[in-house]
Amino acid sequence: MSAKTLYDKLFDSHVVTEENGTALIYIDRHLVHEVTSPQAFEGLRLAGRKPWRKDSIVATADHNTPTNGWEKGLDGIADPIARIQIETLDSNIKEFGAKAYFPFMDKGQGIVHVMGPEQGATLPGMTVVCGDSHTSTHGAFGALAHGIGTSEVEHVMATQCLVQKKSKAMLVRVDGKLGRGVTAKDIALAIIGKIGTAGGTGYAIEFGGSAIRALSMEGRMTLCNMAIEAGARAGMVAVDDTTIDYIKGRPYAPKADQWDAAVNYWRTLVSDDGAKFDSTVTLQAEQIQPQVTWGTSPEMVVGIDGVVPDPTKEVDATKRGSMERALQYMDLKANTPMSAIAIDKVFIGSCTNSRIEDLRAAALVAKGKKVAANVKLALVVPGSGLVKAQAEAEGLDKIFKEAGFEWREPGCSMCLAMNADRLSPGERCASTSNRNFEGRQGQGGRTHLVSPEMAAAAAVAGHFVDVRSL
Amino acid sequence: MQAFNTLNGLVVPLDRANVDTDAIIPKQFLKSIKRSGFGPNAFDEWRYLDHGEPGMDNSKRQLNPDFVLNKSRYQGASVLLARENFGCGSSREHAPWALEDYGFRVIIAPSFADIFFNNCFKNGMLPIVLDAASVDHLFKECEATEGYQLKIALQEQTITTPGGQVFKFDVDAFRKHCLLNGLDDIGLTMQHQDKIKAFEAQHQKAQPWLFN
């Protein structure tokens with residue numbers, strides 16, 4: 001048998017039937033949230049269909065939920081349309097069923113991509129889908145995970161399958177040792193800076209190499225989370241001890257009598273020696289600096305010691321136009337040192353960077369310091385109720401509050417600003433989220449993507465600063 | 001799903017790369033639990049001068065006269081001409097819902113983001129990938145010619161310009177079949193339910209922990 005990539009193994013082991021390159025693949029885990037599911041449930045209802053396997057569904061409310069005012073319960077949701085959407089998820093889960101549901105204000109509630117793994121609901125070898133592009137996160141476990149649209153949410157509910165064509169396979173190999181203050185987020189941004197936001201289009205990316213092997217599960221999730229920002233629907237990391245150790249003992253992990261068999265299978269979820277990739281990209285860890293985006297696409301990124309690029313030096317007319325438009329939107333001048341850019345707000349959170357390790361790293365930078373006077377708001381939004389409880393048990397909340405950060409309830413929050421947490425027009429934000437698109441964090445808002453350490457350092461300095469110099 | 005066969009449609013050129021789905025339909029409109037009515041808010045932040053929220057009377061809002069969709073010569077367009085990596089970012093199907101509700105049936109670009117591309121086919125819309133030079137050519141003709149229309153024939157997989165120039169395009173055979181016949185994926189998949197059940201039984205035997 002020829003050598004297979006991890007992607008080959010995951011895809012091929014889920015093919016129900018295939019015709020002319022179009023396959024029906026079986027879906028093991030379906031994560032559901034309030035924003036992209038109501039129309040799918042409505043479709044089932046209108047067609048008189050039931051979920052094929054309701055035990056594949058794990059649901060929570062995250063995108064729309066407020067991060068403060070929880071003492072008022074549902075009445076704390078000021079926006080009546082948001083409230084209806086959250087209540088609609090409640091009633092849909094009640095009607096159609098699920099394996100697990102973490103409703104608004106439940107202690108297990110959280111961002112779907114933080115909640116799934118921490119519950120052990122994401123396992124190696126699974127196919128995982130969700131009506132959310134950052135589903136690529138779950139590939140960190142050696143799973144095939146990607147975002148789908150609402151029509152496909154309905155399709156998976158009704159049939160437990162998805163119509164798919166196999167993607168090409170790309171290996172992104174990062175070898176060496178990351179420098180101090182350089183994180184998985186910086187690897188992700190450096191990769192996107194190198195291959196572009198469409199560089200991974202049509203591919204499933206496997207991240208490999210010694211620098212990836214050295215990452216924690218939190219780091220691997222951050223990296224796979226941003227595969228979609230490189231255009232790849234799915235990102236993945238092969239299974240090793242780090243993966244297995246993380247899963248053990250979690251609520252929905254295999255129980256004792258199944259554990260050894262599961263682990264034996266999971267150990268096979270690596271690319272075989274000699275497996276062929278359609279494309280390979282390599283980076284050297286030592287060369288990666290803490291990254292800061294300067295524009296309105298994640299590929300518009302430089303190291304913290306860099307400057308805002310000069311569009312007049314770009315030969316490609318389309319790219320030049322994009323750069324000029326981005327600089328105008330961001331209100332930046334070419335050749336400005338990144339460390340000279342002052343900020344108005346800080347957001348530490350999102351499915352990219354809101355896990356316990358992220359909060360620990362940010363707290364370490366913030367400890368004993370104060371948020372700079374020019375920073376109007378510095379928000380810390382834990383990824384889930386469990387992350388919040390863990391952080392509080394470790395005293396991280398106190399560190400943040402003493403430094404002048406606001407410590408909030410879990411949710412997607414200012415990553416996409418569907419709730420009340422948002423930028424006002426013209427405000428500039430150091431954000432640990434994943435998208436710096438125009439208006440993403442609020443109409444007219446200006447987003448710079450950074451790691452949690454870099455966000456905390458910017459909060460304290462009032463401008464971007466090299467976290468390694470602190 | 002509405003079928004798609006041929007279209008003679010007015011073309012509007014949206015000359016920017018990496019148009020993301022946040023731009024196509026901003027987040028505040030994602031709170032709806034319906035799948036219709038998003039058209040008036042397509043490209044909301046570029047299209048209007050004020051900040052849009054759900055429930056506003058969009059006909060009373062001030063349009064941005066500089067935004068291409070607002071120019072009188074492009075009113076009634078059903079073909080959107082775009083640049084590379086169109087539809088990147090969020091998987092929100094509200095983006096194709098908004099474009100379809102606005103009146104677009106065809107989007108032509110040098111490349112699309114995967115999830116958006118896929119979502120279009122689920123909504124009776126045809127996204128067409130053409131090489132960058134051909135797209136550039138269409139941009140130039142479209143901008144130079146008022147009332148510029150393209151004829152798109154899915155069966156033949158051709159785009160024909162007003163001057164009679166013909167561009168061939170590729171489309172996946174299964175998607176073409178579904179689009180030509182307006183077929184609903186779920187119905188087609190359910191024809192395989194015995195195979196799905198057989199797969200599921202074998203899968204459960206091999207990895208019982210997935211079915212706890």
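Just so we're clear, the structure is a prediction, and the values are computed from it rather than from any experiment. All chains are named by letter (A, B, ...) in the order of the sequence lines, taking the proteins before the strands, and each is independently numbered beginning at 1.
Salt bridge absent: B/Glu200 and B/Lys197 never bring a charged side-chain N and a carboxylate O closer than 4.0 Å.
In this structure, chain B has a heavy atom under 4.5 Å from the side chain of A/Arg422, while its backbone stays farther away. Proximity to chain B is absent for every atom of A/Ala47, based on heavy atoms less than 4.5 angstrom apart. For A/Gln160, the part lying under 4.5 angstrom from a heavy atom of chain B is the side chain only. Heavy atoms closer than 4.5 Å to chain B are found nowhere in A/Trp259, neither backbone nor side chain.
Below 30°, between 30° and 60°, or above 60°: for B/Phe43 and B/Phe67 the angle between ring planes is between 30° and 60°, a tilted geometry.
The most heavy-atom pairs under 4.5 Å with chain B, out of A/Ile86, A/Ile228, A/Thr197, come from A/Thr197. Chosen from A/Thr135, A/Thr36, A/Asp28, A/Thr296, the residue pairing most often with chain B at heavy-atom distances under 4.5 Å is A/Asp28. The choice from A/Glu299, A/His14, A/Lys99 that makes the most heavy-atom pairs within less than 4.5 Å of chain B is A/His14. Taking A/Pro38, A/Pro425, A/Ala158, A/Ser133 one by one and counting their heavy-atom pairs under 4.5 Å with chain B, the maximum is reached by A/Ser133.
B/Asn64 and B/Trp46 form no side-chain donor-acceptor contact under 3.5 Å, judged by distance and modelled atom types alone. No side-chain donor-acceptor contact under 3.5 Å links A/Asn20 and A/Thr22.
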Q: Please report the C-alpha distance between B/Arg83 and B/Asp136 in whole Å, then the side-chain angles of each, then the deciding distance to 0.1 Å, and finally whether the salt bridge (charged side-chain N to carboxylate O under 4.0 Å, His left out) criterion is met.
A: CA-CA 9 Å; B/Arg83 295 290 187 185; B/Asp136 219 35; 2.8 Å; yes
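The environment of A/Asp316 atom CG is dense: over 12 non-hydrogen atoms of other residues, nucleotides or ligands sit within 6.0 angstrom. At most 12 non-hydrogen atoms from other residues, nucleotides or ligands lie less than 6.0 angstrom from CD of A/Glu19. Under a cut-off of 6.0 angstrom, the local environment of CD in B/Gln62 is sparse, with at most 12 non-hydrogen atoms contributed by other residues, nucleotides or ligands. Within a 6.0 Å sphere centred on NZ of B/Lys168, heavy atoms belonging to other residues, nucleotides or ligands number more than 12.
When the heavy atoms of residues 106-115 of chain B are compared with those of chain A, the residues falling under 4.5 Å are B/Phe112, B/Asp114, B/Ile115, listed by number.
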